[in-house]
Number of protein chains: 2
Amino acid sequence: MGDLELKPAHGAAQDAGTPRGRRRGGGGALRIPQPTIERLSTYLQCLRQLERTGVATASSADIAERTGINAAQFRKDLSYFGDLGTPGLGYDVPKLQAHLSHAMGLREPHNTVLVGTGNLGAALAAYSGFRDRGFSIVALFDADPDKLGQVINGLIVQDPDLLPKLNADLRADIGIICVPAASAQIVVDKLVAAGIRAILNFAPITISVRTGIIVRNVDLTSELEVLSYYLRAK
Amino acid sequence: MGDLELKPAHGAAQDAGTPRGRRRGGGGALRIPQPTIERLSTYLQCLRQLERTGVATASSADIAERTGINAAQFRKDLSYFGDLGTPGLGYDVPKLQAHLSHAMGLREPHNTVLVGTGNLGAALAAYSGFRDRGFSIVALFDADPDKLGQVINGLIVQDPDLLPKLNADLRADIGIICVPAASAQIVVDKLVAAGIRAILNFAPITISVRTGIIVRNVDLTSELEVLSYYLRAK
DNA sequence: GTCTGTGAACGAATTCACAGCT
DNA sequence: AGCTGTGAATTCGTTCACAGAC
């Protein structure tokens, strides 16, 4: 009671507690369903590829064929963002790509910090795909004294206790957690104290954050367990 | 036309085309919603931890508090599997854990093969969490001649063309794809040809599989993009 | 009194189907 | 004719609320 309202964050992305969500800020743009946001990223992936191939125009049916997402679904998803297509013709690929990128906040790059430089953490730190899409990892942290000072992909592994101090300069808004389950909550608290507002959590445990902090969980073993379910009984 | 019915697999897990899904096989056990299956894995995570801590019994409210999932949701999810709790008391933790493990097909271990031993692939190959939970990676593949013969975590990196031959012995049913987007579909086809029935795809592209093959996509950049969306406008 | 299991109510998301623009 | 944008219909999932078990 009265200790600042912590909440276990379940589900893909959870802003731990927007009341029951009607509109945003002062404006009035209506709330967009989370499944739509997730598909947007898929559309972008597809559009970037079409752009690379030099395709100028695509219909909702074209996109549907390439992504496996229903064409009506695609059009409905886009309708949240205004009239982006041309009846009889389809969508201008580069224009749509730019528009969606903007809508997703991908116009300017995001700085991220990563905590936990074990196998997975080190691999992500070295993964170029993040930077290519505008997510730069700008600092690495690990509580293990053996790892401190180690250099991975040009970044020095530092003490997580330095997070608040260092992030005052770095201004990262996303934190990636790759520590064991047992230390995940401690790390979460340090990230939040450092001003991090969004967390990508790879630790296989439910973490708690205060209202306004966004959490997304990726549990790799869980993914395999779901596959196992669909494999069973045969 | 007529080339054996390929389908882009969108969404978390997709058995590419069960008609419109009423019941399964001959039995009659009713279809369980995919969100339920995904939460089951979360419950298991929680139950294993409770078990380690020596907690013998937990109510749906206890689980709700720990996982952030609504208590009624938990009870409804479990109700698909029969009466597992005791009114007035709650759930027997070890018993429920065992029952859910069984229901998810986690009773005996699964063999998996991993294709693509770049940063991410190598990290997953070395990750002990998979084996601990019954998913053993039993073979590694990479088309890059420089990587062939390399040893990672005790396994030799082999040519993906050997997949069908080798998997005749290995009998893996799950394949993990960690190759670049450009080669993902080729790898998918080789995995399926080798008898793999479920795929965990880390390549940021939509892959196509024939009916009956289960695909789950994990797109790490997409996860960051979704966070970006919720960070924008502030 | 406590807590489960579940029908019923509700709410959310997908898909249909068509009016209207090019 | 071709394709978008969208209200209406449908399907699906969640939450409520309570009867019944302990």
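Looking at heavy-atom distances under 4.0 Å, A:Ser60 makes contact with sugar-phosphate atoms alone, never a base.
In this pair, A:His110 and A:Phe135 present their aromatic rings parallel. The plane angle is below 30°, not in the 30 to 60° band.
The side chain of A:Ala72 lies closest to C:dA17, out of C:dT4, C:dA17, D:dT15.
Counting all heavy atoms, side chain and backbone alike, B:Leu124 lies closest to B:Ile137 at O-CD1, 3.6 Å.
Rounding to whole angstrom units, CD of residue B:Glu65 and P of C:dC3 are separated by 12 Å. At whole-Å resolution of the value, CG in A:Asp77 and C1' in C:dT14 are 10 Å apart. Rounded to whole angstrom, the span from the NZ atom of B:Lys76 across to the C1' atom of C:dT4 amounts to 13 Å. Between the CD atom of A:Gln34 and the C1' atom of C:dA12 there is a distance of 13 Å, given to the nearest Å. In this structure, A:Gln73 places its CD atom 15 Å from C1' of D:dA9, rounding to the nearest Å. Here C:dT6 presents its P atom at 13 Å from CD1 of B:Ile32, a figure rounded to the nearest Å. Note: CZ (B:Arg31) to P (D:dT11) measures 14 Å, nearest angstrom. For the pair A:Ile37 CD1 and C:dA12 P, the computed distance is 16 Å after rounding to whole Å.
No side-chain heavy atom of B:Thr206 sits less than 4.5 Å from a side-chain heavy atom of A:Cys46. By the 4.5 Å heavy-atom criterion applied to side chains, B:Ile63 and B:Ile69 are not counted as neighbours.
Note on residues 37-62 of chain B: pairs passing ring pair (Phe, Tyr, Trp, His ring centres under 6.0 Å), not counting sequence neighbours, are B:Tyr43-B:Phe74.
Stems are defined here as 3 or more consecutive Watson-Crick or G-U wobble pairs with pairing distances under 3.5 Å; those involving DNA chain D are C:1-22 with D:1-22.
Contact annotation: B:Asn70 side-chain N/O to D:dG13 OP1/OP2 distance is not under 4.0 Å. Under 4.0 angstrom from either OP1 or OP2 of D:dT14 there lies at least one side-chain N or O belonging to B:Arg39.
Atom NE2 of residue A:His10 and atom OG1 of residue B:Thr42 lie 5.0 Å apart, to the nearest 0.5 angstrom. In this structure, A:Asn167 CG and A:Lys190 NZ are separated by 14.5 Å, a value rounded to the nearest 0.5 Å.
Proximity of residues 80-102 of chain B to DNA chain C (heavy atom under 4.0 angstrom from any strand atom) is restricted to B:Asp83, B:Leu84, B:Gly85, B:Thr86, B:Pro87, B:Gly88, B:Leu89, B:Gly90, B:Tyr91.
A donor atom on one side chain and an acceptor atom on the other are not found under 3.5 Å apart for A:Gln45 and A:Gln49.
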Check against salt bridge (charged side-chain N to carboxylate O under 4.0 Å, His left out), B:Arg171 and B:Glu108: CA-CA 14 Å; B:Arg171 294 271 107 210; B:Glu108 20 7 75; over 6 Å; no

